[in-house]
Amino acid sequence: MTVTQYIAAIDQGTTSSRCMIFDHDGRVVGVAQKEHEQIFPEPGWVEHDPEEIWSNTREMVGSVLAKTDLTAKDIVAVGITNQRETAVVWDRGTGKPVYNAIVWQDTRTDSLCDELAGDEGRGRFRETTGLPLSTYFSGPKVRWILDNVDGARERAEAGELAFGTIDSWIIWNLTGGLHVTDVTNASRTLLMDLETLDWDHDICEAMGIPVSMLPEIRSSSEVYGDLALPGISAGIPIAGILGDQQAATFGQACLSEGEAKNTYGTGNFLLLNTGTEKVHSEHGLLTTVCYKLGDKPAVYALEGSVAVTGSLVQWLRDNLGIIQSAKDIEPLAQSVDDNGGAYFVPAFSGLFAPRWRPDARGVIAGLTRYVNKGHLARAALEATAYQTREVIEAMRADSGVELTTLKVDGGMVVNETLMQFQSDILGVPVTRPVVNETTALGAAYAAGLAVGFWESEDDVRNNWAADKTWEPQMDEAERDRLYAGWNKAVERTYGWTDEDSAST
Ligand SMILES: Nc1ncnc2c1ncn2[C@@H]1O[C@H](COP(=O)(O)OP(=O)(O)O)[C@@H](O)[C@H]1O
Ligand SMILES: O=P(O)(O)OC[C@H](O)CO
């Protein structure tokens, strides 16, 4: 009798926590998912409750096993993937966070980033870390906690506090105290040297962060420790960790130099595999670790991170109430033929790649009395596609890679109107895979490769299959006209948070 075995993946994202189970063909066997609260204490601030995230995660692990009627003995390994950059600081003794998780979208550290930049500017740590000084990354968030939570700095210096991105926080709790991260998550902190793949002590000192708070950096695919969850079972190895965008790159089988994917979730993240060589961007992209499988050399990526895409749909739902649920945006956008001349630039956290303008804030441009909520819905979807085009143009300029097709995934790619417009505005086909849950799948692959469930990256390539492709239908003049309108609108967002402005 052959026993069927599976891999589980925990995907702790910006809006929800999932646990998924995959079979050997990389097909989804089960999923459990729960949203968590988005906390906005002040304009520009975004927080999560780390304890809520942990309890949802634990609940989803139990829930997916119950739903699929599987037990721990059916699961050969667990992979972890997570929203990146989001920073948690907790007490090593009690395991309690000293403050809420400061989320990647949070802009409270903007003036701190200016201070840290000093005369050298926001590129001060770019050569070593591949990243500009930005509110996006974890280092300034940790510094803010140490500066603003009573007694935190003293406790950190005494070795009592631990910092981690969400992977570390989850693994600490899953294992009862293992303090590790992987190279991909560490590469988003502004504290890791991309060459040595270790913490850069000079940068930690400049940032005011004691090295003793930091987790051990490990590869993305190896056995780190075993699950120790009362009521579920001991003994399942945790064998993969990848930041969620790197995981999606892996799950999309972009495992050769020159292959890229774009994930459409809360934000958009386009990663191009650049092989074992780091490419330093001249056009506003990030250099980051793509993955590192055990003892093999690290593979790097160029990344274009766009802060607000799916979260604009959520904002239309939660803050304006013009839709009841995210899926309602599609029929609303289809109720009109075009954007009616309106452009929506969702610079809610400033603008990330490729422009990196912390001084920008959102605008809706081109309004007339003609514009209705259908046009706004359309403009909101179009914003995602224009921002993607900006990133792809930067990528072409940096790497010379001409994408012949764009592999897409994430929560927004069920939206066919958006996918067609994306293909139209790029002038290249857009392809969605059969398994759209590429993030969880990538983490499952990392774990499964570590324990021999899959033998090599070829298994990952062979499992990938296309579901649907959208071909460009727009003529070039229309494409250029719309993109020119977008560029004009983006310029209107600049300089909103100038020093003499009272705006945040
Ligand atoms: N039909 C849809 N059309 C447009 N956007 C959608 C649709 N369904 C979900 N979304 C958006 O997709 C995002 C969720 O995608 P997901 O990949 O689960 O996000 P994350 O991993 O960032 O939590 C949400 O921001 C939501 O607004
Ligand atoms: O959780 P997601 O899918 O919104 O991804 C968030 C990114 O990791 C932020 O860098």
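All values derive from a computational prediction rather than experimental measurement. We're numbering straight along the sequence, starting at 1. We count ligands from 1, going down the list as the structure has it; atoms in each ligand are counted the same way.
Surrounding CD of E195 are at most 12 heavy atoms belonging to other residues, nucleotides or ligands under 6.0 Å away.
An N or O contact shorter than 3.5 Å links Q245 to ligand 2 by distance. By the 3.5 Å distance cut-off applied to N or O atoms, T266 is counted among the residues near ligand 2.
The single protein non-hydrogen atom nearest to atom 8 (O) of ligand 2 is D244 OD1, 2.5 Å, given as residue, atom name and distance.
R218 forms no cation-pi arrangement with Y224, by the criterion of a distance under 6.0 Å to the ring centre and an angle within 45° of the ring axis.
Annotation for ligand 2: atoms under 4.0 Å from non-hydrogen atoms of Y136 are 9 (C), 10 (O). Against a heavy-atom cut-off of under 4.0 Å, G13 is close to the following atoms of ligand 2: 1 (O). For ligand 2, the atoms sitting less than 4.0 Å from at least one non-hydrogen atom of Q83 are 1 (O), 8 (O), numbered in the order shown with element in parentheses.
Among V306, T15, T14, the residue whose heavy atom sits closest to atom 4 (O) of ligand 2 is T14. Heavy-atom proximity to atom 9 (C) of ligand 2, evaluated over R188, E85, Q12, is greatest for E85.
S220 and D182 form a side-chain donor-acceptor contact under 3.5 Å, judged by distance and modelled atom types alone. Side-chain atoms of D200 and T128 include no donor-acceptor pair closer than 3.5 Å.
With sequence neighbours left out, A397 forms a side chain to side chain contact (heavy atoms under 4.5 Å, CB included) with H283. With sequence neighbours excluded, no residue forms a ring pair (Phe, Tyr, Trp, His ring centres under 6.0 Å) with F163. Judged as a ring pair (Phe, Tyr, Trp, His ring centres under 6.0 Å), and not counting sequence neighbours, the contacts of Y99 are W144.
Counting heavy atoms from C-beta outward, M20 and D11 have side chains that stay 4.5 Å or more apart.
With salt bridges taken as basic N to acidic carboxylate O contacts below 4.0 Å, none links E52 and K34.
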Within the protein, flag every N or O under 3.5 Å from an N or O of ligand 1, and note the pair and distance.
unit_1   : atom_1 : unit_2 : atom_2 : d
ligand 1 : 3 (N)  : N415   : ND2    : 3.0
ligand 1 : 17 (O) : G411   : N      : 2.9
ligand 1 : 18 (O) : R18    : NH2    : 2.7
ligand 1 : 22 (O) : T266   : N      : 3.0
ligand 1 : 22 (O) : T266   : OG1    : 2.5
ligand 1 : 23 (O) : T15    : N      : 3.2
ligand 1 : 23 (O) : T15    : OG1    : 2.5
ligand 1 : 25 (O) : G310   : O      : 3.0
ligand 1 : 27 (O) : G310   : O      : 2.9

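Residue contacts with ligand 2: G265 is excluded, as none of its non-hydrogen atoms falls under 4.0 Å.
The backbone N or O of D25 lies less than 3.5 Å from a partner atom in the side chain of D23, making a donor-acceptor pair.
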